[in-house]
Visitor: 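Here's a structure for you.
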Amino acid sequence: MLAYLSSEFENHHTGHHPECPERIARLQAELASTGWLERLTLAEWSPASMEQLKAVHGADYLHRLKSWCESNRGRIEVDTVVSHQSWDVARLAAGAACDAVERVMKGVELQAFCAVRPPGHHALPTGPMGFCLLNNVAIAARYAQRIGATRVLIVDWDVHHGNGTQDAFWEDETVGFFSIHRHPFYPGSGLSDETGSGRGLGWTSNLPVPASISPKHFLSRMCSEVESFLSRVRPDLIIVSAGFDAHRADPIGGLTLEEEHFYEIGAWLAQLSKAECQGRVVSLLEGGYSLEMMPKSVVAYLDGLSC
């Protein structure tokens, strides 16, 4: 499995914030202690180009974001903080996503995991939101299409709805977006009747679930809905917004999954991708704010994905 790991992701400083540099440090330590570092093919890559970023984000927003970071602006949105190096770190995260889909589409590896930050799925085409600066998964999907993918499926199981990703592909009939998320909850979007519009009608699938849902029902409903959605999308590639804040111990999540359930998700995705798109899966780290349980959950997911 190809992996994108870098201590440079710790250079996006957020102060006393759930989305903190230690998330990456603790994850890399867990990968080392469990032997996963020895099993991974570690990639070298470049930051995303402006051309890659502009496939999703407006030029005005990108210039404003760069300026905010260079001026060490601090809080740029109610939940979102930047520091002096945040622009470089965000471009590095988006670059990892693009490099991963390119190598997977070329068959260098069939699976890739991008341990990146800041997360991306709330980032709107025109602005930051919810800890997110650049929408890594949307940028990756557009780049995958540029290099030959006809259709892409994005699967998002972060506890929060990926509203930015939904907005990016709302009228698009070539990128399917599926999200299972707690509702009612931040950011308030992601109702089941939000299915896209225009040529993209039916290419968005939302599954809002209550905080009280059991892990068994969470998994069964997700698998059933995605497998049904696949009959429309028929993807060449699956890109995953892999959020681990649905863990019962997450300080801001409020769902009930355990590490073993992320193993099951990984194993299911491995089989699904083999049947639908030659095993091609690129996973990007989104949420997960328990410094103890997020790294353990990632390892469980990788165990399942590689089985």
Side-chain angles (χ1 to χ4, degrees), residues 1-6 9 23-45 93 96-117 119 136-137 140-141 144 149 152-158 178 180 215 218-220 222-223 226-227 230 235-247 257-288 290 292-307:
M1 186 184 299
L2 192 60
Y4 291 77
L5 306 172
S6 175
F9 290 124
R23 297 176 69 229
I24 294 299
R26 295 284 286 268
L27 174 54
Q28 293 204 55
E30 185 73 16
L31 292 171
S33 68
T34 56
W36 256 103
L37 274 184
E38 300 171 4
R39 300 170 59 184
L40 296 167
T41 302
L42 300 181
E44 295 183 3
W45 75 98
C98 292
D99 192 80
V101 299
E102 181 165 9
R103 297 197 202 200
V104 168
M105 288 298 297
K106 288 181 176 179
V108 176
E109 296 273 359
L110 290 179
Q111 301 173 339
F113 183 79
C114 303
V116 299
R117 66 181 288 270
N136 302 317
V137 71
V152 177
L153 172 64
I154 297 171
V155 176
D156 185 333
W157 72 70
D158 190 279
F178 169 84
I180 181 170
F218 181 99
L219 294 173
S220 64
M222 178 177 71
C223 295
V226 170
E227 289 164 13
L230 277 169
D236 302 308
L237 169 71
I238 297 174
I239 306 179
V240 181
S241 276
F244 297 90
D245 42 7
H247 194 284
L257 273 62
E258 306 272 3
E259 301 97 283
E260 65 202 62
H261 302 118
F262 293 107
Y263 174 92
E264 292 180 41
I265 292 173
W268 164 71
L269 266 176
Q271 294 305 310
L272 190 72
S273 63
K274 288 174 185 175
E276 296 293 336
C277 54
Q278 303 177 46
R280 293 190 286 252
V281 181
V282 173
S283 304
L284 282 72
L285 180 65
E286 297 280 4
S290 167
E292 177 183 2
M293 303 316 301
M294 179 273 283
K296 294 180 184 299
S297 298
V298 170
V299 165
Y301 172 63
L302 297 181
D303 285 340
L305 194 61
S306 64
C307 69

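FYI, the numbering just counts along the sequence from 1.
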Visitor: With sequence neighbours excluded, what pairs up with S33 under the side-chain hydrogen bond (donor to acceptor under 3.5 Å, both in side chains) test?
Guide: none

Visitor: Could you work out, with side-chain hydrogen bond (donor to acceptor under 3.5 Å, both in side chains) as the rule, every residue matching Q111, not counting sequence neighbours?
Guide: none

Visitor: Measuring from L257:CG to F262:CZ, what's the distance to the nearest 0.5 Å?
Guide: 5.0 Å

Visitor: In Å, rounded to the nearest 0.5 Å, how long is the span from OG of S241 to CG of L284?
Guide: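 Reported to 0.5 Å precision, the distance equals 6.5 Å.
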
Visitor: Could you pull out all residues at least two apart from E102 that satisfy side-chain hydrogen bond (donor to acceptor under 3.5 Å, both in side chains)?
Guide: K106, Y143

Visitor: Would you please name every residue forming a salt bridge (charged side-chain N to carboxylate O under 4.0 Å, His left out) with R23, sequence neighbours left out?
Guide: E19

Visitor: Could I get the full list of side-chain contact (heavy atoms from CB on, under 4.5 Å) partners for A144, not counting sequence neighbours?
Guide: V101, A149, V152, L237

Visitor: Could you pull out all residues at least two apart from E259 that satisfy salt bridge (charged side-chain N to carboxylate O under 4.0 Å, His left out)?
Guide: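 By the salt bridge (charged side-chain N to carboxylate O under 4.0 Å, His left out) rule, E259 matches no residue at all.
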
Visitor: Go through the steps for R117 and L285 under the test side chain to side chain contact (heavy atoms under 4.5 Å, CB included), then give the verdict.
Guide: CA-CA 7 Å; R117 66 181 288 270; L285 180 65; 5.8 Å; no

Visitor: Please list all pairs meeting salt bridge (Lys or Arg N to Asp or Glu O under 4.0 Å) that have one or both residues in residues 293-304, counting only residues at least two apart or in different chains.
Guide: E30-K296, R39-D303

Visitor: Calculate, to the nearest 0.5 Å, the distance between atoms CD and CG belonging to E276 and L269 respectively.
Guide: 11.5 Å

Visitor: Tell me, please, which residues at least two apart from L110 pass side-chain contact (heavy atoms from CB on, under 4.5 Å).
Guide: R280

Visitor: With sequence neighbours left out, write down each residue that passes salt bridge (charged side-chain N to carboxylate O under 4.0 Å, His left out) with D245, or none if nothing qualifies.
Guide: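 Residues passing salt bridge (charged side-chain N to carboxylate O under 4.0 Å, His left out) with D245: none at all.
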
Visitor: State which residues pass ring pair (Phe, Tyr, Trp, His ring centres under 6.0 Å) with W45; sequence neighbours excluded, sorted by chain then number.
Guide: Y4

Visitor: Apply the test ring pair (Phe, Tyr, Trp, His ring centres under 6.0 Å) to residues Y301 and W157: give CA-CA distance (whole Å), side-chain angles for both, the deciding distance (0.1 Å), then the verdict.
Guide: CA-CA 12 Å; Y301 172 63; W157 72 70; 5.1 Å; yes

Visitor: Among pairs that include at least one residue of residues 261-273, which meet side chain to side chain donor-acceptor pair (under 3.5 Å), considering only residues two or more places apart or in two chains?
Guide: E227-W268

